[in-house]
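Data block below; observations after.
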Amino acid sequence: MSLRRRPYNFAPGPATLPEPVLRQAAEDMLDWQGCGMGVMEMSHRGREFISIAAAAEADLRELLAVPPQFRILFMQGGGLGENAIVPMNLSRGGQVDFVVTGSWSLKSSREAQRYADVHVAASNQAERHTTVPAPASWQLRQDTRYVHLCTNETIDGVEFHALPDLAALGCDAPLVIDCSSHILSRAIDWSKVGLAFAGAQKNVGIAGLTMVVVREDLLGHAMSICPSAFNYQTVAEAGSMFNTPPTYAIYIAGLVFRWLKAQGGIAAMEARNIAKARLLYDTLDASAFYVNRVARDGRSRMNVPFFLRDESLNEAFLAGAKERGLLQLKGHKSVGGMRASIYNAMPLDGVQALVDHLNDFARRHG
Ligand code: PMP
């Protein structure tokens with residue numbers, strides 16, 4: 001095997017995975033722990049896979065300190081699937097309130113309109129998704145069935161650094177968070193959350209797995225149109241095995257959970273993520289060559305969109321990055337410019353390599 005390091009991949013998702021996880025998966029590919037089968041070839045009801053899924057669930061619970069009154073579900077359908085699955089399970093066709101802070105929460109609010117009476121309680125659309133609206137300004141309705149936030153907007157680079165306390169705002173509805181692009185990058189205060197969902201393909205593993213953590217009292221309220229395979233109660237009662245779960249994606253997530261525990265868990269990961277984000281934002285802020293438009297208190301530690309002030313240099317910037325082994329830095333088409341996604345699996349060295357490119361490129365073209 002070549003000893004040259006792999007390039008640093010800044011893709012927003014599917015995204016870079018920890019190298020030890022990929023190596024373990026390669027080792028297990030043909031034969032998992034001597035059972036004669038690869039994980040992709042196993043029955044989801046067999047002893048081997050059941051042990052893989054149980055360990056993954058237990059490790060996720062431990063890493064995120066999920067309290068016992070919450071169930072962990074391994075589902076399919078992704079974040080966009082959850083945009084329909086959540087209202088079908090929690091809205092009972094009634095009122096639901098959304099806080100729009102970027103492309104994903106906007107999309108969620110639109111999908112929910114098919115199932116519920118949607119109200120946008122706050123929006124940063126007038127600021128082009130660059131701010132976090134202060135919870136005290138949210139116009140929440142008395143009878144809302146839940147309040148939806150996207151706690152990290154992957155495209156816009158806007159992150160909630162504290163969860164709102166809905167009870168303190170006079171709202172007793174549960175908070176639903178789409179934490180797809182920063183789950184496991186920081187702790188979650190479960191006392192403020194009713195349901196959290198996340199696709200695995202950014203900060204956890206590969207596409208195909210959606211993790212749902214839901215408070216038990218929210219189970220059992222699905223609308224009759226809700227497909228059985230997407231009814232949280234049905235999935236919970238079957239231990240996430242009502243239908244065939246995404247077995248390989250669960251296995252990879254399990255390897256990532258083990259890797260995270262070996263790294264020191266979420267507190268250690270969060271400290272590392274803070275250091276990585278600080279290095280990158282400080283470099284962008286210190287240069288007249290680059291700009292980041294997100295308000296400082298809402299800047300994401302995971303997804304860092306930025307612009308070259310002279311956008312005619314974009315292609316040269318990306319080509320130079322690629323030459324140095326820095327991949328997938330082009331921004332989302334709706335925002336433009338660049339975006340560096342620096343999830344858990346991106347080491348500080350990768351961010352330092354990007355910072356070196358930012359500085360060298362600015363020096364050469366400034
Ligand atoms: N929510 C967020 C925050 C996301 O970043 C994404 C994917 N980029 C989605 C939802 C949609 O996920 P999926 O494509 O898995 O449906």
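Every number for a ligand or one of its atoms is a count from 1 in the order of the listing.
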| query | Which residues pass the side chain to side chain donor-acceptor pair (under 3.5 Å) test with Thr131, sequence neighbours left out? | reply | Glu127
| Using 30° and 60° as the class limits, which term best fits the ring planes of Phe197 and His148: parallel, tilted or perpendicular? | tilted
| request: Decide whether a cation-pi geometry holds between Arg71 and Tyr232; the criteria are a distance under 6.0 Å from NZ or CZ to the six-membered ring centre and an angle within 45° of the ring axis. | output: no
| said: Show, in sequence, the C-alpha distance, side-chain angles and deciding distance for Phe160 and Thr101, and conclude whether the side-chain contact (heavy atoms from CB on, under 4.5 Å) test is met. | reply: CA-CA 9 Å; Phe160 279 86; Thr101 50; 3.9 Å; yes
| Under the criterion side chain to side chain contact (heavy atoms under 4.5 Å, CB included), which of His44, Gln76, Met75 is the partner of Pro246? | Gln76
| request: Report the relative orientation of the aromatic rings in Phe317 and His357; use parallel for angles under 30°, tilted for 30 to 60°, perpendicular for over 60°. | output: tilted
So what's ligand 1 close to, N/O to N/O, under 3.5 Å?
residue: ligand 1; atom: 1 (N); partner: Asp178; partner atom: OD2; Å: 2.7
residue: ligand 1; atom: 5 (O); partner: Trp104; partner atom: NE1; Å: 3.4
residue: ligand 1; atom: 5 (O); partner: Thr154; partner atom: OG1; Å: 2.4
residue: ligand 1; atom: 8 (N); partner: Lys202; partner atom: NZ; Å: 2.8
residue: ligand 1; atom: 12 (O); partner: Gly79; partner atom: N; Å: 3.4
residue: ligand 1; atom: 15 (O); partner: Gly79; partner atom: N; Å: 3.4
residue: ligand 1; atom: 15 (O); partner: Gln201; partner atom: NE2; Å: 2.9
residue: ligand 1; atom: 16 (O); partner: Gly79; partner atom: N; Å: 3.1
residue: ligand 1; atom: 16 (O); partner: Leu80; partner atom: N; Å: 2.8

